[in-house]
Structure formats: C-alpha cells, structure tokens
Amino acid sequence: MRLIFGVVSLLFISLVTFLADEIAPGDLATVRAGEKATLAQVERLREELGLNRPWPVRYVEYITKAVKLDFGTSAIGTQKPIKETLSKAIPMTAKIAFLSVLIAAFFGILLGTTAAVYENRFADRAVLSLSTLGVTIPNYVLLPIMVWIFALNLNYLPTSWAPDGQRVASDIFYLILPVIALSLRPMATLTRLTRASMVDTLRQEYVSLAVAKGVPPFRLLTKHAFRNAILPVLTVIGTSFGYLLTGSFVIERAYQIPGVGFEAIFAITQGDTPMILASTLVTGAMFILVNLLVDLVLPIIDPRIRESQV
Amino acid sequence: MSAVTMERRRARAGSRNLLFWTGVGFIALLVVFAIVGPNMRHAYDAQDFTPQLGPNAVNWFGTDHLGRDLFARIAYGARVSLIIGFLVQVIAVTFGMFIGIISVFAPKWISIPVQRLTDGMFAFPDLLLAIMLVGIFVGKGGGLVPMVIALAVGAWPATARLVKTQVATLKDREYVVAANAMGAKTLYIVMKHILPHLWGVILAVMMVDVAATILAESTLSFLGIGVRPPMPSWGGMIMLGDSYKESNINMLIWPCLFLSMTIFALNFVGDGLRAMTDPKGNQSR
C-alpha cells in the first residue's frame with residue numbers, strides 16, 4: 001500500500017516538472033540546434049526528436065523509458081548518456097547522506113536521551129539551546145564558516161573535495177566537513193524529538209514500576225524506555241532524509257563534490273532539461289525508498305504495528 | 001498547582017515575551033533598514049570604493065570584491081528576502097486556506113483526492129521540488145516570478161493541512177451546527193463563523209513559514225538559481241563570500257549574520273504569537 005502511494009507521488013512530481021518544462025519557453029530542439037539555427041532547422045530537429053507529438057504521449061514514453069533506467073542523453077556538450085553521469089554521482093551522494101544520517105541519529109538520540117534524563121537541569125537547557133541553533137542555522141552558512149575556521153585558518157582539513165589522484169590526505173579528511181555540516185540540522189531535530197519522546201516515556205507507569213522494582217538506571221533506560229521512545233524518532237529519520245537530499249545539493253555545490261546535487265545544479269545552469277528531469281526522478285525515488293525502508297523496520301521494533309498489519 | 005510552579009511558569013512566559021518583543025523589534029528595524037538602507041549612504045550597485053575593505057567610517061560593513069558598499073547591499077538583500085518571504089507566504093496561505101476549507105466542506109469525490117494530493121505534496125521535500133521547478137526555468141530566461149511560484153508550490157500543503165484540521169474541529173462547534181440548522185449557506189458559515197477563528201493560528205504559523213521561505217530563497221540564490229546578480233540577495237552574497245573567504249571574510253560574515261538573525265527573530269515572533277493565540281499551547285517547545 002505504502003509502495004503504491006510512493007510510486008503515485010513520484011509520478012505526480014515527475015508530471016509537475018515535465019509540465020513545467022512544457023510551459024517554459026523553448027525546448028530541447030532550440031537548445032540543441034544552437035542560437036544560429038534557422039526556424040526550419042529547429043523544426044526539422046523537433047521532428048527528428050519526436051517533439052511535435054502531444055505532451056501526454058511524450059510523457060508516457062518518457063516514464064516507460066525511465067523505468068528501464070533510460071533517461072536519454074544530456075542536451076548539451078558531448079550529449080553523454082545521463083545514466084552514465086548518474087551512476088557515478090549517486091554513490092557519492094548516497095555515501096555522504098548515509099554517513100550524515102548515521103551521525104545525526106547516533107548523536108541526536110544520545111543527546112536527546114541525556115537531556116530527557118536531566119530534564120530542566122543544566123545539561124537539558126544546554127542541549128535544547130544548542131539544538132535550537134542547529135535547527136535554525138542553514139548549512140550554507142555553516143559550511144563556509146567551518147571551512148574558513150578549520151581549513152583556511154587552522155589548516156586541519158582540506159578546503160574542498162579533490163579527485164582521487166590529487167589527494168594530499170586520506171579520504172576520511174575530505175568527508176569530515178561536508179558530513180558534519182549536513183548532519184547538524186537533522187541531529188538537532190532528532191535531539192529535540194528524542195528528548196520529548198523520552199520525557200513522555202519516562203513518565204509512564206511501567207517505568208515507575210521498574211524503578212520501584214529496583215531496576216538499575218542504565219538498564220532501565222536501555223531495556224525499558226528506549227524501545228518505546230525510539231519509535232517516533234525512527235519515522236522522522238525517514239522524513240529528515242528529504243532534508244538531507246536537498247542539503248546535499250548545497251553541500252556538494254559548496255564543497256565541489258561531484259554527486260547528484262552537483263550534477264543537477266550544473267545541469268540547471270546549463271539549461272540541460274533531460275538531466276534536470278532525471279535527477280528529479282532519482283532524488284525523489286531515493287527519498288521514497290528510504291521512507292519505505294523505515295516503514296519496514298518499524299514493525300520489527302514494535303510488535304503492536306506488526307499485529308495491526310496482519 | 002503549587003506556588004513554585006506558578007512562579008516558574010510566569011518566569012518562562014516572561015522570557016518568552018521578551019524574546020517575542022525582541023523579535024518584533026528586530027523585524028521592525030529590518031523593515032526600516034530594507035526601505036532606506038540600499039541608498040541611504042551609498043548606492044547599493046555603485047562600484048565606487050576600494051575593493052575588499054574592512055569595516056570603516058565610510059563603509060560601515062566594508063566593501064566587496066568589486067568595491068561595492070556591503071552595508072547598502074545587505075540592506076537590499078533584506079528588501080529582497082522580506083518581499084519574497086511575505087509574498088510567497090501570502091500566496092501559499094491564500095491557496096492553502098482555500099484547499100483546506102474545500103477538503104472539509106466539499107463533497108467526498110472532490111475532497112478525498114484533494115486531501116491525498118495535499119498529503120503527497122506535503123511528504124515530498126518542498127525545497128527539492130522548488131530547485132527542480134526553478135531549474136527548468138533558469139536555462140530559459142528565469143527571473144523572479146518562476147521562483148516565487150516554485151516556492152509557493154512547495155509551501156501551500158503545510159497551510160492546507162493546518163487549516164483542514166482547524167476547520168474540521170470548528171465545524172462541530174455548537175454555534176456552527178446551530179447556524180447550519182437555521183439554514184445558513186456554507187459560504188456564509190465559512191466567512192462568518194469559521195474564518196475569524198483561524199487568523200490567529202495562521203498568523204503564528206505564517207511567521208515561522210516566512211522564515212522557512214526566506215531560507216529556501218537564499219538556498220536557491222546560494223546555488224545560483226534564485227535571485228541572480230546583479231540584484232543582491234543574502235544567499236547570493238553568501239555564495240560570493242564563500243568564494244572570497246580567503247581574502248575578505250567580511251563578504252561572508254555579514255550576510256550570514258543577518259540571515260541567521262532574521263530567521264531567529266521570525267521564529268521568536270511566531271512562537272510568541274502561538275502562545276498568545278492558543279491558550280493551551282503553553283508547553284515549552
């Protein structure tokens with residue numbers, strides 16, 4: 001059911017972008033024919049590319065090809081197949097987004113739990129204030145300033161991405177700044193959520209009972225409270241992946257990392273519409289896939305969900 | 001309730017009030033700054049000065065790589081951010097309210113698809129959609145109109161959902177049921193008995209959403225596909241500042257500072273308004 005819903009919304013998004021392309025002046029033929037082409041030349045090219053057919057026909061054709069991962073060729077330059085560009089870019093983006101989710105989830109849950117345990121005391125206040133900062137400050141403010149401090153002034157880390165042959169430090173150093181800049185905001189969101197959820201859970205009667213039975217505090221947290229408190233947090237990890245994808249556009253652009261975002265922005269500035277449409281589909285699919293994954297994991301943790309699905 | 005908790009609650013309400021008025025004050029100053037700032041001391045687009053100066057008596061915030069006055073450019077950026085932020089939200093809120101009311105009052109065969117559509121759009125990361133929509137227009141001329149539309153397309157589902165839940169509860173209130181029983185038309189009920197109760201909540205959420213829109217606008221401008229040079233915008237200035245940070249950190253610091261402060265201020269105002277309009281909403285968030 002969720003899968004169908006995901007596919008439908010992906011189709012809708014692709015339709016919206018496809019139609020926007022229809023409304024916008026100019027098409028693939030005008031781009032490819034170049035500025036000096038005559039109207040007749042453009043018209044002939046349009047015929048060759050099949051652009052003079054009505055848009056619903058072309059949309060259906062586009063989608064059936066895209067399902068087979070055939071996104072056509074780039075509109076500019078060497079007209080490289082888009083599939084080739086994307087197959088290099090996707091692993092890059094996936095790596096950075098995945099590392100960021102991992103770090104955000106680990107520290108978010110850790111800090112949130114700490115804050116909940118020390119509710120309304122200094123540690124809690126400190127974590128809450130910091131997470132407010134984390135939620136509001138955008139990553140394109142964070143990353144340049146972090147680069148300025150840690151790369152330019154302190155000289156600890158590289159200032160931008162470098163291709164494999166030209167590296168002066170080990171790979172991990174190239175990942176530190178972009179991953180931190182990308183993970184801070186979801187980390188802050190998850191911290192606040194874990195705190196709220198944990199505070200609620202710790203007030204439940206079964207927790208009081210466990211305390212009365214003399215369950216040691218650490219075991220109480222890990223065994224009794226954690227599993228219940230973590231459920232809403234997991235759902236949000238899925239949705240915050242959408243933020244991570246958007247964020248990776250910014251981070252990849254600012255740190256010169258050749259991922260999907262970097263390629264998409266490059267395509268946008270070049271007016272390479274087929275590439276823009278393809279990256280919309282791919283990023284959308286990634287987002288929906290991760291959310292499906294979260295939906296599959298939830299019943300494993302919570303038997304109540306498992307039962308309600310049967 | 002003990003005296004101590006009362007005391008504490010009052011103290012917290014007091015600090016929230018302080019934040020609210022600080023926010024209101026900052027936004028008011030920013031509006032004045034945005035109106036007079038761009039041409040107050042120097043024209044925002046004049047390349048009259050020595051490039052890359054630090055803050056000094058003539059150029060209060062310093063100058064950029066082309067010798068333009070940063071103070072005037074920041075002020076113009078404030079103008080751009082505020083206008084786009086509020087304009088997009090006014091469009092999104094109007095449309096969102098319309099959709100939200102429809103999904104409660106319209107017959108099922110309209111309201112159910114509309115709700116599904118809203119939920120689907122809401123789940124999809126709006127900035128991603130905005131980037132793609134704007135992106136398609138950028139290569140073909142671009143301009144501010146596609147960006148405003150793209151941002152509004154991303155923003156309306158949130159309002160629509162909020163309005164829908166609010167309207168759904170208001171619809172069952174006794175005075176609405178009574179008006180309905182007396183034969184009042186749906187449109188009359190919506191205008192007279194429903195809408196007046198919505199403004200407070202919507203205004204509060206709108207402030208926070210204006211902040212989100214300003215962030216989205218500067219993200220697009222940072223990526224080079226939103227507001228484009230020569231028109232100054234904070235996002236565009238951060239992008240420039242990023243590439244010149246080695247030689248002149250002023251170009252990066254000022255837009256970052258103003259953007260962050262504006263976001264904070266709008267959030268404080270939104271939180272304050274929510275606390276005022278929703279008597280039950282006094283949980284600390």
Side-chain angles (χ1 to χ4, degrees), chain A residues 5-6 8-10 12-13 16-17 20-21 23-27 30-31 75 120 128 132-133 135-145 147-148 152 159 192 196 239 241-243 245-247 249-250 253-254 261 264-265 267-273 276-277 279-280 283-284 287-288 291, chain B residues 8 116-117 119-142 146 149-150 153 211 214-216 218-225 228 234-235 238-239 241-243 245-246 249 252-253 255-257 259-264 266-267 283-285:
Chain A
F5 192 59
V8 169
S9 46
L10 191 58
F12 180 73
I13 298 296
V16 169
T17 39
D21 181 36
I23 299 166
D27 60 10
T30 44
V31 174
N120 284 334
L128 268 185
T132 312
L133 271 179
V135 172
T136 27
I137 294 189
N139 44 23
Y140 46 94
V141 167
L142 265 174
L143 185 69
I145 288 179
V147 168
W148 186 67
L152 286 173
T159 51
R192 302 177 125 220
T239 40
F241 194 76
Y243 162 77
L245 283 176
T246 327
F249 276 62
V250 171
R253 160 87 194 223
I265 296 299
I268 287 171
T269 49
Q270 303 289 313
D272 184 356
T273 317
I276 302 174
L277 291 180
S279 18
T280 314
T283 35
F287 173 69
I288 286 164
N291 279 291
Chain B
R8 195 173 287 165
R116 289 280 165 280
L117 183 71
D119 290 346
M121 294 282 287
F122 181 75
F124 199 80
D126 46 359
L127 192 54
L128 205 57
L129 187 63
I131 289 177
M132 297 310 180
L133 282 180
V134 169
I136 283 167
F137 284 92
V138 163
K140 297 169 174 173
I149 293 173
V153 165
I214 289 179
L215 279 179
S218 26
T219 308
L220 292 175
S221 304
F222 175 83
L223 291 173
I225 60 179
R228 284 188 294 170
W234 290 344
I238 294 174
M239 174 178 73
D242 185 24
S243 36
K245 61 183 174 302
E246 213 164 344
I249 193 66
L252 180 62
I253 293 293
C256 286
L257 199 65
L259 179 64
S260 308
M261 288 199 304
T262 307
I263 302 306
F264 273 117
L266 284 168
N267 275 302
Q283 303 99 336
S284 63
R285 285 207 356 148

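All chains are named by letter (A, B, ...) in the order of the sequence lines, taking the proteins before the strands, and each is independently numbered beginning at 1.
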Contacts table for residues 137-145 of chain A: side-chain donor-acceptor under 3.5 angstrom, sequence neighbours left out:
from: A:Asn139; atom 1: ND2; to: A:Tyr243; atom 2: OH; distance (Å): 3.0
from: A:Tyr140; atom 1: OH; to: B:Leu215; atom 2: O; distance (Å): 2.8
from: A:Tyr140; atom 1: OH; to: B:Ser218; atom 2: OG; distance (Å): 3.1
from: A:Tyr140; atom 1: OH; to: B:Thr219; atom 2: N; distance (Å): 3.4
from: A:Tyr140; atom 1: OH; to: B:Thr219; atom 2: OG1; distance (Å): 3.4

Pair count under 4.5 Å, heavy atoms only, with chain A: among B:Ile253, B:Ile263, B:Leu252, highest is B:Leu252
At a heavy-atom distance under 4.5 Å, which candidate from B:Ile149, B:Val153, B:Ile238 has the highest pair count against chain A? B:Ile238
Rounded distance (nearest 0.5 Å) linking atom CD1 of B:Ile131 with atom OG1 of A:Thr246: 6.0 Å
Quick check on B:Leu259 against chain A: is it the side chain, the backbone, both or neither that has a heavy atom closer than 4.5 Å? side chain
On a heavy-atom basis, which atom in A:Val250 and which in B:Leu223 lie closest, and how many Å separate them? CA-CD2, 3.9 Å
